[in-house]
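Heads up, the thing below is written out as structure tokens.
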Number of protein chains: 2
Amino acid sequence: MKHHNLPATSPAETEILRLIWQLKRATVQEVCHQLPAARKIAYATVQTLLRRLEKKGYLKHDLEGKAHVFYPSVEQDHVIRRSVGDFLDRLFGGDPRPLMQFLAEDGRLEAKDLDQLRKLIENT
Amino acid sequence: MKHHNLPATSPAETEILRLIWQLKRATVQEVCHQLPAARKIAYATVQTLLRRLEKKGYLKHDLEGKAHVFYPSVEQDHVIRRSVGDFLDRLFGGDPRPLMQFLAEDGRLEAKDLDQLRKLIENT
DNA sequence: ATTCTACTTGTACAAATGTACAATGAAGGA
DNA sequence: TCCTTCATTGTACATTTGTACAAGTAGAAT
């Protein structure tokens with residue numbers, strides 16, 4: 001897998017793409033089941049999003065029986081890198097520090113996460 | 001300024017909104033000048049984006065001579081909180097840790113930033 | 001063989017996005 | 001006063017996004 005320059009994913013597409021990463025390979029159904037309960041969205045819609053992701057180059061699929069089994073065709077890391085980069089540019093002018101700070105202060109992180117982060121920072 | 005639930009900003013809008021936060025108050029021109037050189041985008045386009053941001057409730061404006069002077073009408077912090085939240089949900093299923101880790105490893109942070117972050121984490 | 005299923009493919013369609021031109025109007029300079 | 005200069009407002013328009021139905025089809029069940 002190499003670094004191609006794919007068109008950006010829309011928010012809804014991103015959400016689906018994440019589920020594919022999580023599942024490694026998945027049919028439309030499986031993706032649907034993986035959707036958080038709060039996020040009700042029709043089978044057909046998921047299908048469209050998967051189709052679009054494939055068209056954009058983020059996914060490929062195999063045929064397994066009659067169903068398409070989708071899987072990533074670009075490294076998650078590459079996509080994340082770009083997404084985070086874009087996000088930083090847009091919202092913070094590219095400076096990662098305010099985001100870091102925001103996350104650190106946000107309280108979403110548990111004590112043990114902070115510990116881990118400390119360790120991570122230590123040997124960086 | 002209170003927490004209203006405004007429609008999300010598009011990426012291009014977000015970029016402009018950031019500049020307004022940076023400048024506190026600004027005319028279309030000033031926003032244009034603040035745009036990174038790489039990002040060439042017509043005056044008229046910036047105008048449209050500012051108009052849309054105002055319509056969505058993110059900005060207000062005063063009249064100063066013939067020009068509109070735009071300024072934020074919601075707290076930056078609130079907007080950022082929501083944006084980051086959405087971003088985390090979409091790309092990381094809401095878990096801030098992978099993003100933290102990504103940022104920490106990314107090398108975009110200088111040594112002194114890491115120091116600061118350490119301190120920040122220390123007293124959290 | 002017929003019907004039921006689970007899928008895919010084609011298509012739809014309103015709203016949002018990215019981008020920008022044209023017309024209009026007031027303010028300042030010649 | 002008349003022209004030039006900015007700015008605003010109205011409008012435009014192709015594309016992308018979010019969401020989804022309908023028709024077609026192959027395999028499973030009866």
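Chain letters run A, B, ... following the sequence lines, proteins first, then strands; residues in each count from 1. All figures in this text were calculated on a predicted structure; none of them were measured in a lab. Side-chain atoms are counted along with the backbone in the values below, which use heavy atoms only and exclude waters and symmetry mates.
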Handout entry: Nearest-neighbour nucleotide for the Thr45(A) side chain, dT19(D), dA20(C), dT8(D) considered
Key = dT19(D)
Handout entry: Nucleotide nearest Ala67(B) (side chain, heavy atoms from C-beta), chosen from dA20(D), dT19(C), dA7(D)
Key = dA7(D)
Practice task
Would you check if there is a donor-acceptor pair between the side chains of Gln34(A) and Glu30(A) at a distance under 3.5 Å?
Solution key: no
Exercise for the section: Decide if atom NZ of Lys55(B) counts as having more than 12 heavy atoms of other residues, nucleotides or ligands within a radius under 6.0 Å. Expected result: no
Practice task
With DNA chain D as reference, determine whether Lys66(A) or Lys56(A) sits nearer its 5' end, using the nearest nucleotide of each.
Solution key: Lys56(A)
Fill in the blank from the handout: Assign each of Thr48(A) and Leu63(A) the nucleotide of DNA chain C bearing its closest heavy atom; nearer the 5' end lies the nucleotide of Leu63(A)
Exercise for the section: Determine: side-chain N/O of Tyr43(B) to OP1/OP2 of dC6(D), distance under 4.0 Å, yes or no. Expected result: no
Exercise for the section: Spell out yes or no: do the side chain of Arg52(B) and the base of dT9(D) have one donor N/O and one acceptor N/O closer than 3.5 Å? Expected result: no
Handout entry: Under 3.5 Å donor-acceptor pair, Arg51(B) side-chain atoms to dT17(C) base atoms
Key = no
Practice task
Looking at every strand, decide which applies to Lys55(A) at a 4.0 Å heavy-atom threshold: base, sugar-phosphate, or nothing.
Solution key: nothing
Problem - Sorted by number, the residues of residues 7-20 of chain B with heavy-atom contact under 4.0 Å to DNA chain D - result: none
Problem - Sugar-phosphate, base or nothing in reach of Gln29(B), heavy atoms under 4.0 Å - result: sugar-phosphate
Show me the donor-acceptor pairs within less than 3.5 Å that the side chains of residues 89-96 of chain A make with the rest of the protein, sequence neighbours left out.
{"residue": "Arg90(A)", "atom": "NE", "partner": "Pro11(B)", "partner atom": "O", "Å": "3.4"}
{"residue": "Asp95(A)", "atom": "OD1", "partner": "Arg97(A)", "partner atom": "N", "Å": "2.9"}
{"residue": "Asp95(A)", "atom": "OD1", "partner": "Arg97(A)", "partner atom": "NE", "Å": "3.0"}
{"residue": "Asp95(A)", "atom": "OD2", "partner": "Arg97(A)", "partner atom": "NE", "Å": "3.3"}
{"residue": "Asp95(A)", "atom": "OD2", "partner": "Arg97(A)", "partner atom": "NH2", "Å": "3.0"}

Practice task
Look at Arg25(B) together with Glu64(B) and state whether they make a salt bridge at an N to O cut-off of under 4.0 Å.
Solution key: yes
Handout entry: Leu49(B), nearest nucleotide to its side chain (from dT19(C), dC21(C), dT8(D))
Key = dT19(C)
